[in-house]
2 protein chains.
Amino acid sequence: MSHPSYTCRMATDRDTVLEAAVGVLSRRPTAHLDEIARAAGISRATLHRLFPGREALIREVGLLGLQRFAAALDTAVVEDGDAEAALRRLVDAAVPDAALCAFLAGENQLYDDDHVNALWDVQIDRLHALFLRGQQQGVFRIELSAAWLSEAFFDLIAGVGWAIQDGRLAPRDAAFSITELFLGGALRRHAAPNPPQSTARSARTTETDTP
Amino acid sequence: MSHPSYTCRMATDRDTVLEAAVGVLSRRPTAHLDEIARAAGISRATLHRLFPGREALIREVGLLGLQRFAAALDTAVVEDGDAEAALRRLVDAAVPDAALCAFLAGENQLYDDDHVNALWDVQIDRLHALFLRGQQQGVFRIELSAAWLSEAFFDLIAGVGWAIQDGRLAPRDAAFSITELFLGGALRRHAAPNPPQSTARSARTTETDTP
DNA sequence: CTCGGATGAGACATGAATGTCTCAAAGTGG
DNA sequence: CCACTTTGAGACATTCATGTCTCATCCGAG
């Protein structure tokens, strides 16, 4: 406590451990502390030194996830400009932390913590506002409520997080898959015989992986 | 054991208990057996008489979910006719059991059971085949892999299950929300200045609920 | 080299959930 | 009305994850 340099190094350690914890907890919420410690490459004793107990660890994982998602909303500047472009930016910013989001989606009602819940509500409200704005701009459909769009969007992010962890989806395909499906849907557009459809804004790989 | 009528009544009891268990477990996978028993309206002793233990109970809940989803695939006859129509039928058939699907999505990697995994693979393969067929029919987009479409579809079903349980989505809106978003996407089609957009296939309430 | 702090390994106690048991009460069919 | 079964309530032991502790080791700083 006397040497501030130590506390600085501790911070990075904590985040490293939390990231490792997510990898285990997002798949198996009931994982023992032994597994989490092993996944983080530390001993159970050190894990207990970093976090008072299991409850605190879970709480901080959730907090980290919410902070990351909030940061994604920030970097995507979702409150500015065209809603569609904002959403595309958000996907790109959020996909790297999809595992965190998967954890949040699985445990979001497990929290009794006010701080976590408040932070959660803020982010969901920002998402909600984005879709509402998009609807007002005439960008998003109005038959689907903004609340449902928020819900579904987060479900897809979380689903991608799980799929990546289980090896069912390549990380490089994640952002494209979410964006295209969420914005355009699964249905193919056959407006005209010639296909001037969505003008492939980036030459993404269109391979169909067969697991 | 001498009276077959008793065993018959047991079967219905088991399913009743399992349904109650889903309501608790899909939200809180770590719920105690006490809560599950209370939710089912029986005592913990009877719960133990119906299921040898917690593991067996979880297993049977998963099995029930898979059977229900398989039944939905059956009633929707997903292997026949137009893929889009088949998918719409599937949504209608699967939404009532969305809670089961939510449980499956949350615990699908928690199973070491071969029977469960085999059943799971079969259903996923049927989904995959549906999307593959739709792509060959020119109905579904080919930029998105059939595997991803299967994944995302199940994610949305599960998400709806959670949202309904938490009261964030009205059950009557569930099928419409999934179908429209998954097939059509969130983006509004502005083919012409005049808006002859999707001719509101049913006068659903388009209110934007504010939680 | 020596010291201070951090870490890992392990022992230990604790508490909670689970599994098993008995017994009294209630319901059902004869 | 009686016999049988099922159920609920509770006590009880057991298992296991958690939380706390000590001690030996390692590493960097001075």
Side-chain angles (χ1 to χ4, degrees), chain A residues 1-62 103 106-107 109-113, chain B residues 1-62 103 106-107 109-113:
Chain A
M1 202 170 289
S2 53
H3 301 273
S5 60
Y6 291 138
T7 63
C8 284
R9 238 192 19 208
M10 295 280 289
T12 65
D13 278 341
R14 285 173 65 89
D15 278 17
T16 303
V17 171
L18 287 177
E19 301 240 25
V22 177
V24 180
L25 288 171
S26 68
R27 283 167 145 282
R28 204 135 42 83
T30 67
H32 309 324
L33 293 186
D34 290 306
E35 307 177 48
I36 299 173
R38 239 181 301 118
I42 61 177
S43 68
R44 199 164 64 94
T46 304
L47 184 62
H48 269 282
R49 288 186 188 105
L50 289 173
F51 305 96
R54 180 190 184 80
E55 194 179 4
L57 174 64
I58 301 285
R59 204 188 89 101
E60 296 227 31
V61 172
F103 177 80
E107 313 285 293
Q109 42 248 357
L110 207 107
Y111 287 114
D112 295 331
D113 188 86
Chain B
M1 204 172 290
S2 53
H3 301 271
S5 61
Y6 290 137
T7 64
C8 283
R9 237 190 21 206
M10 294 280 290
T12 65
D13 278 341
R14 286 174 64 89
D15 278 17
T16 303
V17 172
L18 286 178
E19 301 240 24
V22 176
V24 180
L25 288 173
S26 67
R27 283 167 144 284
R28 202 133 43 82
T30 67
H32 309 324
L33 292 186
D34 290 304
E35 308 178 48
I36 299 173
R38 238 181 301 117
I42 61 177
S43 68
R44 199 164 64 94
T46 304
L47 185 63
H48 269 282
R49 289 185 187 106
L50 290 173
F51 305 97
R54 182 191 182 79
E55 194 179 6
L57 174 65
I58 301 285
R59 203 188 90 99
E60 296 225 31
V61 172
F103 176 80
E107 311 286 292
Q109 42 249 354
L110 207 107
Y111 287 115
D112 296 332
D113 189 86

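Computed over heavy atoms, backbone and side chain alike; hydrogens, waters and symmetry mates excluded. Since this is a predicted model, take the numbers as computed values, not measurements. In the text below, chain A, chain B and the rest are named by the order of the sequence lines, each starting its count at 1.
In this structure, B:Glu35 places its CD atom 13 Å from C1' of C:dA16, rounding to the nearest Å. As a whole-Å value, the separation of A:Arg14 CZ from C:dT7 C1' is 17 Å. We find that CD1 of A:Ile58 is positioned 13 Å from C1' of D:dT18, with the value rounded to whole Å. A:Leu33 has its CG atom 16 Å from the P atom of C:dA9, to the nearest Å. The nearest whole Å value for the distance from the CG atom in A:Leu57 to the P atom in D:dT18 is 10 Å. B:Leu47 has its CG atom 10 Å from the P atom of C:dT18, to the nearest Å.
Counting heavy atoms from C-beta outward, A:Phe103 and A:Ile58 have side chains that approach closer than 4.5 Å. Contact check for A:Leu33 versus A:Ile36: side-chain heavy atoms found under the 4.5 Å cut-off. A heavy-atom distance below 4.5 Å is found between the side chains of B:Arg49 and B:Thr46. Considering only heavy atoms from C-beta on, B:Ile42 stays 4.5 Å or farther from B:Asp13 through its side chain.
Set against D:dT18, D:dT7, C:dT7, the side chain of B:Arg49 has D:dT7 as its closest nucleotide. Comparing atom distances between the A:His32 side chain and each of D:dA17, D:dT22, D:dG8 picks out D:dA17 as nearest.
Comparing A:Ser43 and B:Asp34 along DNA chain C, the residue whose closest nucleotide (by nearest heavy atom) sits nearer the 5' end is A:Ser43. Take the nearest nucleotide of DNA chain D for B:Arg44 and for A:Gly53: the residue whose nucleotide is more 5' is B:Arg44.
One finds a side-chain N or O of A:Thr46 lying less than 4.0 angstrom from the OP1 or OP2 phosphate oxygen of C:dG8.
Within the 4.0 angstrom heavy-atom criterion, base atoms lie near A:His48.
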